[in-house]
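A short write-up of the structure that comes next.
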Amino acid sequence: ANKSQIKFIGMNPSRDRQGSKLKITATKASIDEADDVDKNQAIMLQSRTGRKNKNGAPRVTTYACNPNEQWIKWDIYLPWLKRINRRPDNIDSQEWDAVEPLDNKIAVIEFEMEDSPLNKTGYYDRLLERPMNWVRRYLRNDWFYQDDEDALFKMRSLDKLTTHVLKPGNKYIAI
């Protein structure tokens, strides 16, 4: 009735390096799987919210994500942990001291497995049988847990296999 629109825009930096798809004016923006989105494009989208807001709606950008090893973890999640004084076990004191707390105008809502109504149905029981690093990270929100020492392939090794920008030339991979 008020002519609002929901537009879905792909934010793939390899297909849109300059963020030309983000030349929009929005009241609110949401990014799903923000950890997979280029930080500069996320900032660009955020800057385009609330610019021509004639109805007084709050300027809001929401990010849904698992803070893996990309910018969300280091720019938002770790500073949020610093703000609430919840230091991860495997962060050394020098690195922890260097973190600035997250600005109070940014809210982080962490979804816990216990928050889910599926928790009472036994839904998570079979997921608890997954590899330890998966359980610790995705079910227990321990985003700084790196490796199950019994794992054949260590996460720290697999993380190094991911790249967002490929230079021209032949590419080979073997695992």
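Minimum heavy-atom separation, Pro88 to Leu81: CG-CD1, 3.7 Å. Closest non-hydrogen pair, Asp35 versus Cys65, comes out as N-CB, 3.8 Å.
The distance from atom CD1 of Ile76 to atom CD of Gln70, rounded to the nearest 0.5 Å, is 13.0 Å. For the atom pair Leu127 CG and Leu118 CG, the distance stands at 10.0 Å (nearest 0.5 Å). Summarising the geometry, atom CG belonging to Leu78 is positioned 10.5 Å from atom CZ belonging to Arg87; distances are rounded to the nearest 0.5 Å. Distance CG/Asn85 to CH2/Trp96: 6.5 Å, rounded to 0.5 Å.
Within 6.0 Å of CG in Asp125 there are more than 12 heavy atoms belonging to other residues, nucleotides or ligands. Other residues, nucleotides and ligands place more than 12 heavy atoms under 6.0 Å from the CD atom of Glu114.
By the side chain to side chain contact (heavy atoms under 4.5 Å, CB included) test, Ile9 pairs with Lys21, Leu22, Ile24, sequence neighbours left out. For Ala29, the side chain to side chain contact (heavy atoms under 4.5 Å, CB included) partners at least two apart in sequence or on another chain are Leu45, Thr49, Thr61. Qualifying salt bridge (charged side-chain N to carboxylate O under 4.0 Å, His left out) partners for Arg130, counting only residues two or more places apart in sequence or in other chains: none. Qualifying side chain to side chain contact (heavy atoms under 4.5 Å, CB included) partners for Asp38, counting only residues two or more places apart in sequence or in other chains: Pro13, Asn40, Gln41. Listed by chain and number, the residues in a salt bridge (charged side-chain N to carboxylate O under 4.0 Å, His left out) with Arg48 amount to none (sequence neighbours excluded). For Lys28, there are no salt bridge (charged side-chain N to carboxylate O under 4.0 Å, His left out) partners, not counting sequence neighbours. In this view, Lys73 and Glu69 satisfy the salt bridge (charged side-chain N to carboxylate O under 4.0 Å, His left out) rule, not counting sequence neighbours.
Residue pairs meeting the ring pair (Phe, Tyr, Trp, His ring centres under 6.0 Å) criterion with at least one partner in residues 33-63, sequence neighbours excluded, are Tyr63-Trp71. The stretch residues 35-58 participates, sequence neighbours left out, in no ring pair (Phe, Tyr, Trp, His ring centres under 6.0 Å) pair at all.
Looking at Arg137, its side chain does come within 3.5 Å of a backbone N or O of Trp143 through a donor-acceptor pair. In this structure, the side chain of Asn90 engages the main chain of Phe144 through a donor-acceptor pair within 3.5 Å. The main-chain N or O of Gln94 is found under 3.5 Å from a side-chain atom of Asp92 such that the two form a donor-acceptor pair. Side-chain N or O atoms of Ser47 include one that pairs as donor or acceptor with a backbone N or O of Met44 at under 3.5 Å.
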Side-chain donor-acceptor pairs under 3.5 Å in residues 97-112, sequence neighbours left out?
{"unit_1": "Asp103", "atom_1": "OD1", "unit_2": "Lys105", "atom_2": "N", "d": "2.9"}
{"unit_1": "Glu110", "atom_1": "OE1", "unit_2": "Arg86", "atom_2": "NH1", "d": "3.2"}
{"unit_1": "Glu110", "atom_1": "OE1", "unit_2": "Arg86", "atom_2": "NH2", "d": "3.0"}
{"unit_1": "Glu110", "atom_1": "OE2", "unit_2": "Tyr77", "atom_2": "OH", "d": "2.6"}
{"unit_1": "Glu110", "atom_1": "OE2", "unit_2": "Arg86", "atom_2": "NH2", "d": "3.4"}

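A heavy-atom distance below 4.5 Å is found between the side chains of Leu128 and Arg140.
With a 4.5 Å cut-off between side-chain heavy atoms of Ile, Leu, Val, Met, Phe, Trp and Tyr, the cluster of Val60 takes in none. Through chains of ILVMFWY side-chain contacts below 4.5 Å, Phe8 is grouped with Ile6.
Under the 6.0 Å distance and 45° angle rule, Arg126 does not count as a cation-pi partner of Tyr124.
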* Asked: Could you walk me through whether Asp89 and Tyr145 pass the side-chain contact (heavy atoms from CB on, under 4.5 Å) check?
  -> CA-CA 9 Å; Asp89 293 337; Tyr145 183 83; over 6 Å; no
